[in-house]
Amino acid sequence: MTRAPRTPATGRAPETPRTALTVAGSDSGGGAGIQADLRTFFACGVHGMTAVTAVTVQNSLGVDGFTEIPPDVVTAQMRTVAGDMGVDAAKTGMLASADIIRTVATTADDLGIGRGPGRTPLVVDPVAASMHGDPLLRDEALEAIRTELFPRATLVTPNLDEVRLLTGVRVTDADSRRAAADALLELGPRWVLVKGGHLAEDPRCVDLLADGTDYVDLEGPRYETEHTHGGGDTLASAVTAHLARGLDVPDAVAKGKRFIERCVAESYPLGAGVGPVSPFWRLAPEE
Ligand code: PLP
């Protein structure tokens with residue numbers, strides 16, 4: 001098919017943005033999962049692509065259940081976009097089952113996605129449960145996250161509940177935060193970001209970024225809001241977008257943290273439960 005040449009509305013030739021792939025679950029409420037990842041990718045200036053792993057039935061009050069996508073369909077989505085459009089950075093979110101985790105890990109290897117020089121960076125957000133406590137991962141799949149995904153990750157971004165599930169370390173202060181980072185690094189990722197947002201008694205929100213040599217506390221404000229649905233997904237996908245744009249891990253994490261802070265500050269109530277964090281502030285006012 002031949003297309004007529006386009007006259008760019010801007011007077012400039014259209015530029016293809018960098019691309020980011022999310023391998024994650026759908027949130028019917030639109031605040032977390034694939035939906036949060038796509039709006040974050042858009043807000044951070046990259047083209048978002050998806051491999052859906054599960055379809056959740058949820059709203060602001062919680063997750064009523066989910067259906068897993070067959071593992072071969074998950075990997076087919078990854079392969080078809082990577083083969084045609086290319087992937088500059090990838091992230092995983094809700095992966096639901098050990099079978100899905102295993103096939104995502106081997107497909108990532110085939111596609112050159114994962115830690116290592118010259119490869120496409122991979123951010124692993126080890127999603128285990130919703131903030132309401134609803135499970136998003138089968139119990140037997142935790143081990144697959146540890147053994148299949150962590151060794152392949154450029155960066156892992158667990159919250160404190162996920163840290164405890166994965167390592168047994170209960171983070172309460174700076175020392176235990178560092179012990180948690182070391183326990184996570186033993187599982188093989190290049191970098192870890194231990195997120196302190198769930199340590200409610202801390203008046204600041206301190207995340208620790210570590211690679212075994214450097215240990216950097218990233219401090220930010222703690223906002224008084226209950227509307228933080230999708231916060232973890234939004235941070236991980238903002239970091240992924242900045243990796244896709246060519247930043248290194250410390251710079252991408254620093255930018256991602258500033259992005260999520262603003263999204264939490266501008267979160268909004270929606271429904272009778274927990275509302276979503278919001279990247280609306282990034283949109284230019286309508287002309
Ligand atoms: N639903 C899906 C599909 C998710 O991926 C996640 C988190 O990663 C959630 C729900 C839970 O989000 P939250 O813990 O912010 O409520």
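In this chain, numbering begins with 1 at the start of the sequence shown.
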Does the pair W281 and C263 meet the rule for a side chain to side chain contact (heavy atoms under 4.5 Å, CB included), with working shown? CA-CA 8 Å; W281 54 273; C263 292; 3.6 Å; yes
Using a strict cut-off of less than 4.0 Å between a Lys/Arg side-chain nitrogen and an Asp/Glu carboxylate oxygen, indicate whether R146 and E143 qualify as a salt bridge. yes
With a 4.5 Å heavy-atom cut-off, do T225 and V264 have their side chains touching? yes
Do L122 and L209 land in one hydrophobic cluster if side-chain heavy atoms of ILVMFWY residues count as linked below 4.5 Å? no
Between V23 and M49, is a side chain to side chain contact (heavy atoms under 4.5 Å, CB included) present by the stated rule, with each step listed? CA-CA 9 Å; V23 183; M49 306 173 301; over 6 Å; no
Distance (rounded to the nearest 0.5 Å) between H229 NE2 and H132 NE2: 8.0 Å
With a 6.0 Å cut-off (strictly less than), is the heavy-atom count around CD of E186, excluding the residue itself, greater than 12? no
Would a single hydrophobic cluster contain both L247 and V192, if residues Ile, Leu, Val, Met, Phe, Trp and Tyr are joined by side-chain heavy-atom contacts under 4.5 Å? no
Atom pair NE2/CG of H47 and D88 - distance to nearest 0.5 Å: 11.0 Å
Quick check: closest heavy atoms across A36 and G31, and the distance to 0.1 Å? CB-O, 3.4 Å
Using a 6.0 Å cut-off, check whether atom CD of E140 has over 12 heavy atoms from anything other than its own residue. yes
Gap between atom CG of D217 and atom CZ of R177 - 0.5 Å precision: 5.0 Å
I'd like to know whether CZ of R170 has more than 12 heavy-atom contacts from other residues, nucleotides or ligands below 6.0 angstrom. no
Just by modelled atom types, is the T103 backbone N or O under 3.5 Å from a matching donor or acceptor in the T106 side chain? yes
F42 atom CZ: more than 12 heavy-atom contacts under 6.0 Å: no
Can you confirm whether V216 sits close enough to P250 that some side-chain heavy atom of one is under 4.5 Å from a side-chain heavy atom of the other? no
Checking Q58 side chain against G29 main chain: does a donor-acceptor pair fall under 3.5 Å? no
Are V239 and V249 packed together at the side-chain level, in the sense that at least one heavy-atom pair is separated by less than 4.5 angstrom? no
Polar side-chain atom of S60 near backbone of A272 as donor-acceptor pair, under 3.5 Å: yes
So, Q35 versus S26: side-chain donor-acceptor pair below 3.5 Å or not? yes
How about D139: does its CG atom have over 12 heavy atoms from other parts shown lying under 6.0 Å from it? no
According to a 4.5 Å side-chain heavy-atom criterion applied to Ile, Leu, Val, Met, Phe, Trp and Tyr, with indirect links allowed, do L165 and L193 form part of one hydrophobic cluster? no
Checking R115 side chain against A153 main chain: does a donor-acceptor pair fall under 3.5 Å? no
Determine, stepwise, if the pair F259 / T234 fulfils side chain to side chain contact (heavy atoms under 4.5 Å, CB included). CA-CA 9 Å; F259 182 81; T234 299; 3.7 Å; yes
Please name the pair of heavy atoms, one in A108 and one in M78, separated by the smallest distance, quoted to 0.1 Å. N-CE, 4.2 Å
Closest non-hydrogen atoms of T53 and M94, given as atom of the first, atom of the second and distance, are OG1-O, 2.7 Å
4.5 Å side-chain heavy-atom contact, D110 and R79: yes
Separation between OG1 of T22 and CG of D233, rounded to the nearest 0.5 Å: 8.0 Å
Heavy-atom pair of closest approach, residues E148 and P151: C-CD, 3.9 Å
If hydrophobic clusters are built by linking Ile, Leu, Val, Met, Phe, Trp and Tyr wherever their side-chain heavy atoms come under 4.5 Å apart, do L155 and L218 end up in the same one? yes
Heavy-atom pair of closest approach, residues Y215 and A210: CD2-CB, 3.5 Å
Would you call R222 and D202 a salt bridge, taking side-chain N to carboxylate O under 4.0 Å as the test? no
Is any side-chain heavy atom of I100 closer than 4.5 Å to one of V104? yes
Looking only at the side chains, is there a donor atom on one of S176 and D173 sitting less than 3.5 Å from an acceptor on the other? yes
Quick check: does any side chain N or O of T80 sit under 3.5 Å from a backbone N or O of A76, one acting as donor and the other as acceptor? no
Tell me whether V274 is reachable from V277 by hopping between hydrophobic residues (I, L, V, M, F, W, Y) whose side-chain heavy atoms are closer than 4.5 Å. no
Kindly say whether V169 contributes a backbone atom to a donor-acceptor pair with the side chain of T167 at under 3.5 angstrom? yes
Straight-line distance of L136 CG to L95 CG, nearest 0.5 Å: 10.5 Å
Would you call the rings of F280 and Y268 parallel, tilted or perpendicular, where under 30° means parallel and over 60° means perpendicular? parallel
Report the C-alpha separation of V123 and W191 in whole Å, then their side-chain angles, then the decisive distance to 0.1 Å, and conclude whether the side chain to side chain contact (heavy atoms under 4.5 Å, CB included) test is met. CA-CA 9 Å; V123 176; W191 291 87; over 6 Å; no
Shortest non-hydrogen contact from K195 toward D207: CA-OD1, 3.3 Å
Please determine which of T92, T240, T157 meets the side chain to side chain donor-acceptor pair (under 3.5 Å) test together with D125. T157
Any Y223 side-chain heavy atom under 4.5 Å of S267 side chain: no
So how far is it from R102 CZ to S97 OG, rounded to the nearest 0.5 Å? 8.0 Å
